[in-house]
Amino acid sequence: MKKGIHPENYRLVAFKDMSNDDVFLTKSTAQTKETIEVDGNEYPLIKLEISRSSHPFYTGKTKLVDSAGRIDKFKNKYKKFKKEEK
């Protein structure tokens, strides 16, 4: 490996899946201002929208994740073309 190109500030960081509150620790260089206490120790916190514990590929469950409201926007846009039932 080349010398001097890899960061040296690796530390344990807590990643929290906001959709199901799953927290896991791993080493990272990601910067954050938030912290969380896990097992009596305080770690920097990175918040995730989706992780291995909530991703449909890993869980085997189909789950709709729409954080930006794109589906509602689509439905409202094309509502006028919907046929009325009699």
Side-chain angles (χ1 to χ4, degrees):
M1 288 197 311
K2 284 187 174 181
K3 300 216 184 270
I5 63 169
H6 300 287
E8 302 205 7
N9 59 342
Y10 283 102
R11 71 209 186 288
L12 282 177
V13 176
F15 287 85
K16 182 176 183 180
D17 185 339
M18 300 309 289
S19 64
N20 63 4
D21 293 330
D22 181 41
V23 177
F24 60 94
L25 297 173
T26 188
K27 285 189 172 186
S28 177
T29 60
Q31 298 297 318
T32 181
K33 294 180 181 179
E34 297 181 75
T35 61
I36 189 171
E37 188 171 318
V38 178
D39 298 330
N41 296 322
E42 195 166 303
Y43 297 101
L45 174 65
I46 303 290
K47 294 180 179 177
L48 305 171
E49 287 186 27
I50 196 162
S51 72
R52 66 177 187 254
S53 62
S54 63
H55 194 282
F57 179 80
Y58 297 109
T59 61
K61 298 177 185 173
T62 310
K63 179 177 158 185
L64 182 63
V65 177
D66 181 29
S67 60
R70 286 179 241 134
I71 293 173
D72 290 333
K73 185 177 176 183
F74 177 84
K75 286 180 179 178
N76 289 335
K77 184 176 179 179
Y78 292 100
K79 187 188 306 181
K80 60 186 172 187
F81 297 111
K82 185 176 180 181
K83 293 182 181 179
E84 291 183 24
E85 294 181 25
K86 291 184 178 184

Can you spot which of Leu25, Val13, Thr32 makes a side chain to side chain contact (heavy atoms under 4.5 Å, CB included) with Tyr43?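 With Tyr43 as partner, Leu25, Val13, Thr32 yield a single side chain to side chain contact (heavy atoms under 4.5 Å, CB included), made by Leu25.
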Just how far is it from atom CG of Leu48 to atom CG of Asn20, taken to the nearest 0.5 Å?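 Leu48 atom CG to Asn20 atom CG measures 10.0 Å (nearest 0.5 Å).
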With rounding to the nearest 0.5 angstrom, report the NZ to CG distance, Lys47 to Asp17.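 The NZ atom of Lys47 sits 12.5 Å away from the CG atom of Asp17.
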Show, in sequence, the C-alpha distance, side-chain angles and deciding distance for Lys16 and Leu45, and conclude whether the side chain to side chain contact (heavy atoms under 4.5 Å, CB included) test is met. CA-CA 7 Å; Lys16 182 176 183 180; Leu45 174 65; 3.6 Å; yes
If every non-hydrogen atom of Pro44 is compared with every non-hydrogen atom of Arg11, which pair is closest and at what distance?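 Scanning both residues, the minimum pair turns out to be CG-NE, 3.7 Å.
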Looking at every non-hydrogen atom in both residues, tell me the closest pair between Ser28 and Ala30 and how far apart they are.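 For Ser28 and Ala30, the tightest heavy-atom pair comes out as OG-N, 3.0 Å.
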Counting only N and O atoms by type, is there a donor-acceptor contact under 3.5 Å from the side chain of Gln31 to the main-chain atoms of Thr29?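 Side chain of Gln31 to backbone of Thr29, a donor-acceptor pair under 3.5 Å: yes, one is there.
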Give a yes or no on whether Val23 and Leu12 share a hydrophobic cluster (residues Ile, Leu, Val, Met, Phe, Trp, Tyr; joining criterion: side-chain heavy atoms under 4.5 Å apart).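 Yes; Leu12 is reachable from Val23 via cluster members.
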Got more than 12 heavy atoms from elsewhere within 6.0 Å of CG, Asn9?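 Enclosed.
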